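No experiment lies behind these values; they were computed from the predicted model shown.
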Amino acid sequence: MCSIMGYCGSSADTDAFKQGFDETISRGPDDSRIIDTGSGLLGFHRLAIMGLTPSGMQPFELDGSYVVCNGEIYGFEKLKKELAAEFSFKSDSDCEILLPLYKKYGTDMFAMLDAEFACIIYDGETKEYIAARDPIGIRPLYYGYDKDGVIIFASEAKNLVGLTDKIMPFPPGNYYKDGKFICYCDIAKTDEICYNDIDTVCRNIHDKLVAGVEKRLVADAKVGFLLSGGLDSSLVCAIAAKKSEEPIKTFAIGMSEDAIDLKYAKQAADYIGSDHKEIIITKDDVISSLEDVIHLLGTFDITTIRASMGMYLICKAIHEQTDIRVLLTGEISDELFGYKYTDFAPDAQAFQKEAEKRIRELHMYDVLRADRCISVNSLEARVPFGDLDFVKYVMSIDPEMKLNKYGKGKYLLRKAFEGDYLPDEILWREKAAFSDAVGHSMVDYLKEYAEEYYSDKQYEELRQKYTHAQPFTKESLLYREIFEKYYPSQSEMIVDFWMPNKEWEGCNVNDPSARVLSNYGDSGK
């Protein structure tokens, strides 16, 4: 995990650039560098993960061109070998291949990458800037324009506050060139539906997820795992445990009084033989961290903030108590295979349409949460369920097969890993949202805090100030007011609140927690 920034014009104010860029030193505390390209500025804060020597420091330079990249490029060794006949390399960094790729293939290179990345390239020949972001948006990138119309790119919105009037997320799967954003991969779009039988589908899900985990174990720094005890993180950990010679290190978090996940996480950890650690948090930990969490996230979304409380605090503990640098997580499975609320999808077409919407918006919600909670603690997030090959395949599966017709959500994923990966109690456990499973009390404390913060009259008056994504509960107003303190008038960075699809019968609810749905069932046990 690193931080990048680019001011793409010669009018750049170096002091203002540095002040904005220093907002994200935690993303890359190992080394920092800002260079003047002659036509603007490029900045890089480094968290050393691959190629730990000083030669891996960015920006990389090639014949007067420069690149900064926050990313992991999987299988880069093969590309490097192919490029070695024409280009020489000075480091073991995966990102050093980007300029040679650009020299050889131009912007066609982006579609060639199996990567989680955001990058900014300065072309020394044309004196222009090119930027790009991975198809899911796992690595963050934002942009805005200064008063002269010069575009500025940065890893986080907080880098750009004060430098531009309007901050927007760089669209995933796009590259920027000649003043335009051009889509090179719409990963949510399926050109052809796959009608394989269920055994073939499950075998492919198994093999592709295993491959996605395996490639993310490669790092020159130490790797750890977030283990909630739910299906998704438990599968990632179980696969990694099978692929690792030493016991993997797993971490779980829960409220002091009513943690749901901890017992399941321990059961999974005992089964796979991991070196497991529990983090216990209290009401005071949650309330006292709320403003910091909203600031680091750059969102007002209820679901994202709730789920970030536990994730931020567990990552903080990992940073303070261990020497781990990389964390594997279980995000993106829900968007692919379904949430509790997608059980209410009226038909397969509606399920698929909802999945496409969620995948395209992930970078504003769950993926944003994982990136910020992990990176602010100087760690790197890796997301196996976001593996490009895996996502493309699951999105192509006949949506009729993905509907919950089996009496159990995510049936295909569960069936794909029957055997000795996990105990049946974990493999077939009901879905519980992370913000609920940390302990129902955590969300209850946040809602109570907001209820006491505003009178009914204050709530009605204050929420009317906002037209975009208008707060609809006292909790959402509290989050919005804190958001505006750090990101004034920038709410359009987030398209709306993450909520169940209210057009579906059974989903017209006023709270994003699955607890309010009629099918919550055993999820809270």
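For the pair Pro140 and Asp371, the tightest heavy-atom approach, listed with the atom from each and the gap, is CD-OD1, 3.3 Å. When every heavy atom of Lys177 is checked against every heavy atom of Ile130, the shortest pair comes out as CG-CG1, 4.0 Å. Asp148 approaches Ser11 most closely through the heavy-atom pair OD2-OG, 4.1 Å.
Using a cutoff of 4.0 Å between basic side-chain nitrogens and carboxylate oxygens, Glu475 and Arg306 are scored as salt-bridged. In summary, Arg139 and Glu380 engage in a salt bridge, as defined by a charged side-chain N under 4.0 Å from a carboxylate O. A salt bridge between Arg358 and Asp334 is absent, with no side-chain N of the basic residue lying under 4.0 Å from a carboxylate O of the acidic one. The pair Asp366-Arg369 meets the salt-bridge criterion, since a charged nitrogen lies less than 4.0 angstrom from a carboxylate oxygen. Between Glu61 and Lys90 there is no salt bridge, since no side-chain N of the basic residue sits under 4.0 Å from a carboxylate O of the acidic one. At a threshold of 4.0 Å, the pair Lys222-Asp323 counts as salt-bridged, since one of the basic side-chain nitrogens sits closer than that to a carboxylate oxygen. Salt-bridge check for Glu451 with Lys474: passed, with a basic side-chain N closer than 4.0 Å to an acidic carboxylate O. The pair Arg325-Asp30 counts as a salt bridge, with a side-chain nitrogen and a carboxylate oxygen less than 4.0 angstrom apart. Salt bridge absent: Glu116 and Arg382 never bring a charged side-chain N and a carboxylate O closer than 4.0 Å. Between Arg372 and Glu156 there is a salt bridge, since at least one side-chain N of the basic residue sits less than 4.0 Å from a carboxylate O of the acidic one.
Cation-pi contact between Arg463 and Phe472: absent, since separation from the ring centre below 6.0 Å together with deviation from the ring axis within 45° is not met. For the pair Lys103 and Phe87, the cation-pi criterion (under 6.0 Å, within 45° of the ring axis) is not fulfilled.
Test Ile318, Ile281, Asn377 against Leu313 for side-chain contact (heavy atoms from CB on, under 4.5 Å) and you get one pass: Ile281.
By the 6.0 Å contact criterion, CD on Gln19 is open, its count of non-hydrogen atoms from other residues, nucleotides or ligands being 12 or less.
Two rings, from Phe153 and Tyr176, have their centers less than 6.0 Å apart.
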